[in-house]
Peer 1: 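Could you have a look at this structure, given as structure tokens, before my questions?
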Amino acid sequence: MTSVLIVFDRVDEQLTGAQAELLAHGTALGSEVVIVTGQLPANGAEPLAVSGITGVLTGETPIHAPDPALAELVQTAAGELQADLILGPDTPDTVDALARAAAALDTGLITGATGVTGSGAATKTVLAGTWRTTAQLSEGSPLIATLKSNTTSADLPAVAQAPEVVELPVSASGLVEILETTEVPSTGRPALTEASTVVAAGRGVDGDLSLVEELADELGAALGASREVTDAGWMDHSAQIGQTGVTVSPQLYISVGISGAVQQKAGMQTSERIVAINKDEDAPVFEITDFGVVGDLNHVLPQLISEIRKR
Ligand code: FAD
């Protein structure tokens with residue numbers, strides 16, 4: 001594989017973990033790797049200054065995803081660079097742009113992939129993570145794939161000079177106008193998909209998040225949840241981990257009062273260490289834990305928090 005495009009709807013001054021993963025994956029696969037992005041930060045292509053990135057293509061005016069102009073930019077770039085592979089993060093805005101680009105280029109899109117092989121096949125898990133599959137385009141080119149975060153290494157190649165930025169005219173730009181932006185109040189905790197430790201709450205917390213929040217804050221961890229918790233409105237839907245939520249793969253995942261249904265496991269089973277606290281010794285979560293505590297979370301968590309504070 002020679003020519004790879006990596007599509008980011010926007011680049012900020014600091015790359016996200018998902019963007020770092022894509023740069024690491026793309027530069028390992030291609031000899032020419034070009035970033036296509038709707039927006040660059042004030043310091044231009046500086047955040048993309050890593051070895052293996054050969055250029056950056058952006059619109060003459062910033063594109064606010066999900067403006068179809070991003071798809072148009074990808075289509076133009078794919079034609080000019082004779083791209084063999086187009087990669088992007090598995091986010092709604094990027095999936096939207098790459099689906100439009102795939103239709104325009106008469107090729108296929110594989111979403112939710114966990115990686116792409118050197119021979120141009122995409123790997124992904126299906127049926128809530130119970131099967132790993134390898135998929136290939138039966139016809140069409142280039143292969144377009146969106147990658148789930150936390151599924152490949154995020155070890156960036158060496159720092160290099162900032163790549164050259166080329167601005168292309170984009171006719172459809174302006175179809176989306178941003179009227180207002182509202183900053184989500186910060187919880188002070190790390191983002192769920194970026195955190196090295198995640199504490200996840202299940203229905204067992206019975207609507208009281210105080211102990212899981214205390215544990216998360218002691219550990220500097222992100223707070224996530226099962227679908228029962230987000231459906232009940234105890235936490236925002238963005239906190240849902242699992243098949244229909246986000247995929248996390250932290251160094252430490254602490255599951256509290258979660259039964260461990262297959263759809264929940266699908267979003268956390270690749271975590272490096274899994275600790276579970278559940279009062280039911282037969283809970284399926286214990287099938288995949290490195291360390292399990294059978295007990296009432298209202299008794300276990302205060303002791304755990306107190307032990308952590310002593311250290
Ligand atoms: P429950 O299954 O009710 O388990 C609660 C657990 O808490 C029990 O094991 C119980 O023993 C324990 N408990 C209770 N009280 C205490 C206590 N005091 N101390 C310690 N332990 C206690 N689910 C997801 O999480 N993520 C998804 O993305 C997702 N997607 C889905 C997609 C589809 C198509 C479908 C059909 C379902 C999906 N689900 C998903 C739902 C999933 O099947 C389960 O229903 C859900 O994960 C259960 O959440 P839970 O473990 O919090 O609740």
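When a ligand or atom number is given, it counts from 1 through the structure's own listing order. Since this is a predicted model, take the numbers as computed values, not measurements.
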Peer 1: Can you measure from CG (Leu168) to OG1 (Thr58) and round to the nearest 0.5 angstrom?
Peer 2: 8.5 Å

Peer 1: Looking only at protein heavy atoms, identify the closest one to atom 27 (C) of ligand 1 and say how far it is in Å.
Peer 2: Gln240 NE2, 3.1 Å

Peer 1: Given Gln263, Glu228, Glu281, identify the one with the heavy atom nearest to atom 42 (C) of ligand 1.
Peer 2: Gln263

Peer 1: Within the 3.5 Å criterion, strictly below it, is a donor on Asn278 or Asp280 matched to an acceptor on the partner's side chain?
Peer 2: no

Peer 1: Which protein heavy atom lies closest to atom 5 (C) of ligand 1, and at what distance to 0.1 Å?
Peer 2: Gly257 O, 3.5 Å

Peer 1: Could you tell me whether Arg189 and Glu194 have a side-chain N and a carboxylate O separated by less than 4.0 Å?
Peer 2: no

Peer 1: Can you list the atoms of ligand 1 that are under 4.0 Å from a heavy atom of Asp296?
Peer 2: 17 (C), 18 (N), 19 (N)

Peer 1: State the atoms of ligand 1, each with its element, that fall below the 4.0 Å cut-off from a heavy-atom position in Ala261.
Peer 2: 42 (C), 43 (O), 44 (C), 47 (O)

Peer 1: In ligand 1, which numbered atoms sit nearer than 4.0 Å to a non-hydrogen atom of Ser226?
Peer 2: 25 (O), 49 (O), 50 (P), 52 (O)

Peer 1: For ligand 1, which atoms sit closer than 4.0 Å to a heavy atom of Gly245?
Peer 2: 28 (O)

Peer 1: Which of the atoms of ligand 1 are close to Gly202, meaning less than 4.0 Å from one of its heavy atoms?
Peer 2: 52 (O)

Peer 1: Just jot down the ligand 1 atoms closer than 4.0 angstrom to any heavy atom of Gly295, in number order.
Peer 2: 19 (N), 20 (C)

Peer 1: Which protein heavy atom lies closest to atom 8 (C) of ligand 1, and at what distance to 0.1 Å?
Peer 2: Asn278 ND2, 3.8 Å

Peer 1: Who's the nearest protein heavy-atom neighbour of atom 19 (N) of ligand 1, and how far?
Peer 2: Leu297 N, 2.9 Å

Peer 1: Specify the protein heavy atom at minimum distance from atom 51 (O) of ligand 1: its residue, its atom name, and the distance to 0.1 Å.
Peer 2: Ser259 N, 2.7 Å

Peer 1: Which of the numbered atoms in ligand 1 are under 4.0 angstrom from any heavy atom belonging to Gln243?
Peer 2: 27 (C), 28 (O)

Peer 1: For a quick check under 3.5 Å, do Ser210 and Glu214 share a side-chain donor-acceptor pair by atom type?
Peer 2: no

Peer 1: Would you mind running through ligand 1 and noting each atom that sits below 4.0 Å from a heavy atom of Ile241?
Peer 2: 24 (C), 25 (O), 26 (N), 27 (C), 28 (O)

Peer 1: Specify the closest pair of heavy atoms between Ser238 and Val246, including all atoms of both residues, with the distance to one decimal.
Peer 2: O-CG1, 4.5 Å

Peer 1: Just how far is it from atom NZ of Lys124 to atom OG1 of Thr133, taken to the nearest 0.5 Å?
Peer 2: 6.5 Å

Peer 1: Polar contacts were defined as any N/O atom of the residue lying under 3.5 Å from an N/O atom of the ligand; does this apply to Ala225 and ligand 1?
Peer 2: no

Peer 1: For a quick test of reading the model, state the closest non-hydrogen atom pair linking Leu211 to Ile305 and the distance between them.
Peer 2: O-CD1, 3.7 Å

Peer 1: If you look at every heavy atom in Ala78 and Ile86, which pair is closest and at what distance?
Peer 2: CB-CD1, 3.9 Å

Peer 1: Can you confirm whether the side chains of Ser141 and Thr107 place a donor and an acceptor under 3.5 Å from each other?
Peer 2: no

Peer 1: For Val229 and ligand 1, answer yes if some heavy atom of the residue is under 4.0 Å from a ligand atom, otherwise no.
Peer 2: no

Peer 1: Between Ile274 and Leu297, is there shared hydrophobic-cluster membership here, with clusters defined by ILVMFWY side-chain heavy atoms closer than 4.5 Å?
Peer 2: no

Peer 1: Could you check whether Asp84 and Ser3, counting side-chain N and O atoms only, form a donor-acceptor pair closer than 3.5 Å?
Peer 2: no

Peer 1: Give the residue and atom name of whichever protein heavy atom lies nearest to atom 21 (N) of ligand 1, and the separation in Å to one decimal.
Peer 2: Lys279 N, 3.1 Å

Peer 1: Provide, to 0.1 Å, the distance between atom 31 (C) of ligand 1 and the closest protein heavy atom, together with that atom's residue and name.
Peer 2: Arg227 NH1, 3.3 Å

Peer 1: Looking at Glu287 and Lys265, is there a salt bridge between them, counting it only when a charged N and a carboxylate O are closer than 4.0 Å?
Peer 2: yes

Peer 1: Tell me: protein heavy atom nearest atom 13 (N) of ligand 1, and distance?
Peer 2: Gly204 CA, 3.6 Å

Peer 1: Can a protein heavy atom be found under 4.0 Å away from atom 34 (C) of ligand 1?
Peer 2: no

